[in-house]
Amino acid sequence: MLKVTYAREPQEAVKLCTASEGAEYKAGGTDVMDRFKQRTLMPSALINVSGMARELRYIRQSDDALTAGALTTLTELMEHPVVVERMPVLFQSTDHTATPQIRHVATVGGALCQRPRCVYLRHPDFQCRKKGGAVCYAQIGDSSTHAIFDNELCCAVHASTLGAALLALDATLEVWMPGENAARVVTMQEFFTLPEHNARVENSLPAGSFVEAVRIPLPMGVTKQAYERASPRLLADWGEVEVCAVLWLEGNRITDSRVVLGSVGRTPRRATETEARLKGQPLTRDVVVYAAQAAAAGARPLKDNQHKVTLTNNTVQATLEGLLS
Amino acid sequence: MPKVSRRDFLKGGAAAVATAPLLAGTDGHAQDTPRELAPDERVAVDLTLNGKPTTLNVLPTTTLAEALREEANLTGTKLGCGHGACGACTVDVDGRTVASCLGLCVDAHGATVTTVEGLAPDGKLHPVQQAFIDADALQCGYCTPGFVMSAVSFYDRWRKERGTAAPSEAEVRHALAGNICRCGAQPAIIQAVIAACRGVRARPPNVPSAPERNLVPRFDAVAKVTGQARYTVDRKLPGMLSGYMLRSAEAHARVKRIDVSRAEKMPGVRAVEVMLPSSDGRFVTVRWVGQELAAVAAETSWQAEAAARAIQVELEVLPPVVDFTKAEQPDAPVIFSKAQMDEVRHANEGPALPESLSTWKGNVRGPTRFPQRLVPPSVPLSNMGLGAMPSNSEGVLEAVAESAIAVDINAETAVQMHTALEPHAVIAQWEGDALTVYASCQAVQQTAGDLAGALDLPTDKVRVLAEYVGGAFGAKAMSRPEMLAAARLAKKTNAPVQMILPRWDELTVAGNRPASRQRVRMGADRKGKLTAIHHEARTYCGAAVGEAATGLTSTHYAVEELYRLDLNVVTTTPPGCPFRAPGFPPNAFSLEQAVDEVAARAGLDPLLMRIHQETNPRRAAVYRLARERFGHPERLREVARDKGRFVRGVGCATGEWFVLTAPNCTVEARATRDGRLTLSTATHDIGQGARTVLAQLVQDLLGVPPSRLTLRIADSNLPTAPFTGGSITTSSISNAAYHALRAFIDELQGAVASRVRGAVPVPGGMRFPDGKRVAWRDLFEYLPADPFVILGRRGPDADGFAIPPGPLDQIPQLPVAVTKDRVSSANIVEVEVDRLLGRVRVLSALAVLDAGTLMAPVPAASQVMGGVIQGISYALYEGRRMDPTTGRQLSRSLESYALLGIADAPRIDVVFLDKPSPRSPTGAMGLGENATVPAAAAVANAFFHATGKRVLSTPMLPSKVLAALS
């Protein structure tokens, strides 16, 4: 049984959340209610923020960006004409996230701040490092779906497909932090820069922070964008590897790129070596195959997820090949 | 106009009405201060529910699904997984489908909510509901309301934007990707939705039109598409208590003490029962995580759970044995000692012979020797799949080695979970010394007998009912500890007690198809004629025994040299139990890949190669039919050459199954002069269509339409019927009903003839002196009595049975017999392999089956599609994840245990060899098991055809695919 509190504006939500140890926000509820019902990673209290829908469920378009309130649903985001037309990587990745029933209620804020789907984390009888324990059970047990990067402390992969897409699009967040009187801007790169020696968190925000909105710059110039997911099932599955790619082109020459890998590390991460191999090159099959072979550079797979190294390279190749015209 | 909700303070018993509005819902009320709700404080939520303004009084954490089911009594909204993965709880909120199991009811304040009950408010079905019926897009029906809600949402949008254009299959798949069907109705669902959008009448895929036969639609389809079908989880009895089972968190331990005294004093708790097999002070060993320790009954489920956590259990933890290989090592802890042999459970449907007949070496059990005094010598035991007879291993290996083609294959299959969408559920209620049990169950009479035995009651004091069952697949064939717990708690509390397994328990303790490791060595001559098979199988039933994975090998090919060995390796993991065609799909996965390898090496069409050496003409006919239907058999022989990202291949595999029947199965026919007919028998409809089998027979014999027919089934007090498993049902009930209806016709004919001079029987009825032909259905007014009741019993086959053999006069009392028929099947599937992402997709599948006479073509075709879907799912996705150290199961949800989704469901072409069994009057044989036997092997063979490589391990995940291709 849970105590439930209703917050009516972000600053108040932060106050309520920080006032109570172990309290968590509930927006769409698709993650937190799941954990509550499975009796694992249970919050001590819920700060129900869905009542702020009137204020925080919006998409605003300006000359250079799209801004979505935190309570915008994934469906609303992906159906926005600017997303459909100018941000295909966001459209495709969101369209392949979870299921229609989930996308209809899951929110932008919740999708970014959801907890990982690690089978040990979501098992009530394993007191792993994320729960304050001393052991990462996946490292010594079943690590088949776990991280191949940054996996020494904890190897649960970040669950947010949206986060990967927003990192590829260089988005920023407006975040209310505890004790502050205004929302501040946090880049996706900052959001995904984890504190050292802290296995418990999946982003850099102080506990109790509230993401109010996400600002997505409209891609400038000519871009090609794609999303690809390696998963056993075609839809309604978690990715073993996800790739969000944005290429900036002049003619057929790649002037810049952001190739983001999801489901392979504790956060979505850029495949910097791949990006380097693409820069200045023509968009040809040889170039993308060569670039893709560097996608998993630096990976350190665990006992059961060796295949994710090849799969990462292959998924990047599949994504980029999809952009060859 | 903004609504202001009321809050009722139920705390402290004082009902007061406050005016502070609840900050929730879509109209976003203002409020003065943050509202904090105590966990047990009820809130009034106003919403428009199925078109009517409604107020639901709920707790702040009550989900929308719970509120709809418990407060609004709308049980058409089902709970499947409980975490948004299965879609059974799909409802429409403000024009969008949502998973109501994850949404809070308070957040629906002010919203417009539509459930499946709201689609046909005046009894007129929504076009989508009608299309589901017409296409037979459902089986057990448990997922159906959720699918219908998703489909209606898609239909509404489609009609608005595209009119009556036809949506593509891909569009429908994408829209319905949030719904899971375990029975495997996806191909029919897709066709139903397309037909509804086009505004044309849907047809069941794969049901050939039969102009001479009036095909009956699924008898209970209307109840299922409207959400009116009541499953065990939907029942609510007055004063019903919630039961909760405390389970072991350790895989291996001795229970030294269980102290329930603290739990008994917890709020709301009414009774606590220790559930160990023995509570007389002797230490009891638990052997798997999830094994039952104690059960609590309380006023709410939260109270029961909290109390269960307060039970103090003192354990002496023993080393777990989880790893299959380590379990066999000499230093592995022994899980069952000689003195504990009576604690060994059986995981299969085979006879539970005493363990003294088996060899035990540490944790390895087998082979089992069947004594001649138990089985007459005339019975070819080795043909029964009941475990191997030791024979000449070295001789067979030599024969293989000397063969022109010698194949050696090591295959592995993972543990598969039944995953019925309705979990195991039970309600027990006492009236005096009589017990009534509602259970999600496929064996009401056996369960009644088991419970009577366990509770020391006469059998006639226990009644078990299972009106609707939301999937079973074998896991609901046996009585379960939860049933006994509910009965004991209900007795103690003098109130009905309900127990429903949460999804994680359902996935953990409710049964599974055991894993296997197999080695098949096979010899053949240059022409592909198989000469020798050496098959060793280890099966891993957890803390149980009995699985055999070489049964198919024993009969499927006529070879001169055959050796097979079945060993069970015991571990401290949850016990397996019968799962659709026990042992045969894993067996086919190795055997049929070996045969495919022989064909490839011989350069032969694998199906033609089988036909050439087939000695059973019916089976050869099935294979020929498959080849003809497939159309371009030359493709089966081609070698994969394409090296692009996507490569395609076709593969085939074959299978077979027993024809079981229940000679003592009895059907009562009861007719009244007003034209109504009622058939009664204790059989079950778990989605396979037993009701429709009876309704079609009534239609065929009497011309009585379903609208005049009442079917009473799944009640242990009704005339005898077998448990529903092993494909026993149709051969049993159809023949029993046939005898009842034939006798009924004879009586009716006599009654008419005695009153109408000159009336003579003609096919389908009587001809009156004036020349008018009157069908049997229109002659009920002549019945000799009102009501008129007559019984029919299944009885023996014309030429007796394979088991038991011998005099027919003993047979009518037998609960189960193995007939001399055998059914066979062939699958051809086409796959596409994504060589980059390691993903295998089945593009299409052809299933050809011998099922004897098709008693009910509509559900028969659906059941075969379902069997193929389950087989594909087994091949590609399903594998239990278990922590290798602790034995704690990691597959606890439908995210961590993946079933095939609608996006991956292929088109399936089903063809029957519609030829009666010569042995029984209806000619029915059976098809449920046979439908799933070859599918996984066919997928694996198609993969080989596409890539030139083999994946010899299920599930064929990207990791294994990439390894095979590298």
Side-chain angles (χ1 to χ4, degrees), chain A residues 1-8 12 16 26 28-30 33-34 36-38 46 48 50-55 75 95 98-102 104-105 117 119-120 122-123 125-126 137 140-142 144 228 230-238 240 305-308 310-311 314-315 317-318 321, chain B residues 22-24 26 28 31 34-40 60-61 63 82-84 87 90 96-99 102-104 106-107 150 173-175 177-178 249 302 504 645 836-839 841 876-877 881-885 888 890 892-893 895-896 898 900-901 903-904 955 957-959 962-963 966:
Chain A
M1 301 290 269
L2 263 184
K3 202 170 70 176
V4 183
T5 309
Y6 293 82
R8 56 183 179 175
E12 182 181 82
L16 288 166
K26 187 210 76 72
T30 56
M33 286 303 294
D34 179 17
F36 170 64
K37 292 180 74 181
Q38 297 212 41
L46 284 182
N48 193 343
S50 43
M52 286 189 265
R54 194 161 63 180
E55 295 78 26
T75 303
D95 194 34
T99 68
Q101 293 95 317
I102 298 296
H104 291 159
V105 290
R117 299 275 156 176
V119 284
Y120 288 93
R122 297 209 174 221
H123 194 299
D125 296 332
F126 289 100
Y137 291 92
I140 55 169
D142 176 346
S144 56
E228 187 70 78
S231 57
R233 295 181 295 176
L234 212 51
L235 294 174
D237 208 351
W238 293 94
E240 288 201 81
N305 64 7
Q306 312 266 341
H307 70 283
K308 285 180 79 166
T310 311
L311 194 56
N314 287 2
T315 311
Q317 183 182 330
E321 281 182 349
Chain B
L22 181 64
L23 183 64
T26 52
Q31 69 173 39
R35 280 280 301 119
E36 184 177 308
L37 297 173
D40 55 352
T61 50
T63 62
H83 53 91
T90 302
R96 291 285 196 185
T97 54
V98 307
L102 290 178
L104 290 182
V106 291
D107 287 343
S150 287
R173 288 191 162 98
H174 201 276
W302 281 101
W504 50 90
R645 175 176 167 190
L836 278 182
L837 303 189
R839 180 190 287 146
R841 291 184 63 215
L876 295 180
Y877 313 112
R881 293 175 70 183
M882 175 73 80
D883 180 58
T885 311
R888 291 174 188 153
L890 303 173
R892 306 180 76 240
S893 72
E895 285 180 4
S896 46
L900 176 144
D904 298 297
L957 294 173
S959 52
L962 292 179
S966 70

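Chain naming here is simple, since letters A, B, ... match the order of the sequence lines and numbering starts at 1 in each.
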Seminar exercise, completed: If one checks every heavy atom of A:D95 against chain B at 4.5 Å, the contacting part turns out to be both

For this session: Please state whether the side chain, the backbone, both or neither of B:R173 comes within less than 4.5 Å of a heavy atom of chain A.
Result: backbone

For this session: Determine the minimum heavy-atom distance between B:L836 and A:L311, stating which atoms define it.
Result: O-CD1, 3.8 Å

Problem set entry | Pairwise side-chain contact, B:Y877 with A:D237, heavy-atom cut-off 4.5 Å (strictly under) | no

Exercise. If you count heavy-atom pairs under 4.5 Å with chain B, which of A:A98, A:A318, A:G28 comes out on top?
Worked result: A:A318

Exercise. Should B:D107 and A:K26 count as side-chain neighbours, where that means a heavy-atom distance under 4.5 Å?
Worked result: yes

Exercise. Are B:T885 and A:Y137 side-chain neighbours, meaning at least one heavy-atom pair lies under 4.5 Å?
Worked result: no

Exercise. What option among B:A903, B:P955, B:G103 has the most heavy-atom pairs under 4.5 Å with chain A?
Worked result: B:A903

Seminar exercise, completed: Note: B:W504 and A:K37 closest approach over all heavy atoms is CH2-O, 3.0 Å

Problem set entry | Which atoms of B:A963 approach chain A - backbone, side chain, both or neither, heavy atom under 4.5 Å | neither

For this session: Side chain from CB out, backbone as N, CA, C, O: work out which of these in B:L890 comes under 4.5 Å of a heavy atom of chain A, or both, or neither.
Result: both

Problem set entry | Partners meeting salt bridge (charged side-chain N to carboxylate O under 4.0 Å, His left out) with A:R122 (sequence neighbours left out) | A:D31, A:D34

Problem set entry | Closest-packed option against chain A by number of heavy-atom pairs under 4.5 Å, given B:S150, B:S896, B:G901, B:P958 | B:P958

Exercise. Does any heavy atom of chain A fall under 4.5 Å from the side chain of B:S966, the backbone, both, or neither of them?
Worked result: neither

Problem set entry | Choice from A:T310, A:T75, A:D125 maximising heavy atom contacts with chain B below 4.5 Å | A:D125

Exercise. Taking every heavy-atom pair that is under 4.5 Å apart, which of A:R233, A:H307, A:Q317, A:M33 has the most such pairs with chain B?
Worked result: A:R233

Problem set entry | Closest approach of B:H174 to A:P100 (non-hydrogen atoms, all atoms of both residues) | O-CG, 3.9 Å

Exercise. Between A:V4 and chain B, which part of the residue has a heavy atom less than 4.5 Å away: side chain, backbone, both or neither?
Worked result: both

Exercise. Do you know which of A:L235, A:T99, A:V105 has the most heavy-atom pairs under 4.5 Å to chain B?
Worked result: A:L235

Exercise. Between A:Q101 and B:L102, is any pair of side-chain heavy atoms under 4.5 Å apart?
Worked result: no

Exercise. Side chains of B:E895 and A:W238: do they bring a donor and an acceptor to under 3.5 Å?
Worked result: yes

Exercise. Heavy-atom distance under 4.5 Å between the side chains of A:H123 and B:D883, does that happen here?
Worked result: no

Problem set entry | Closest-packed option against chain B by number of heavy-atom pairs under 4.5 Å, given A:E228, A:K308, A:E321 | A:E228

Seminar exercise, completed: Whatever's closer than 4.5 Å to a heavy atom in chain B on A:Q306 counts as neither

Problem set entry | chain A contact via B:R645 - which portion, at a heavy-atom distance below 4.5 Å | side chain

Exercise. Between A:I102 and chain B, which part of the residue has a heavy atom less than 4.5 Å away: side chain, backbone, both or neither?
Worked result: side chain

For this session: Go through the structure and list residues passing side-chain hydrogen bond (donor to acceptor under 3.5 Å, both in side chains) with A:S144, not counting sequence neighbours.
Result: A:D142, B:R881

Exercise. Of all of B:S959, B:A177, B:P60, which one pairs up most often with chain A through heavy atoms under 4.5 Å apart?
Worked result: B:S959

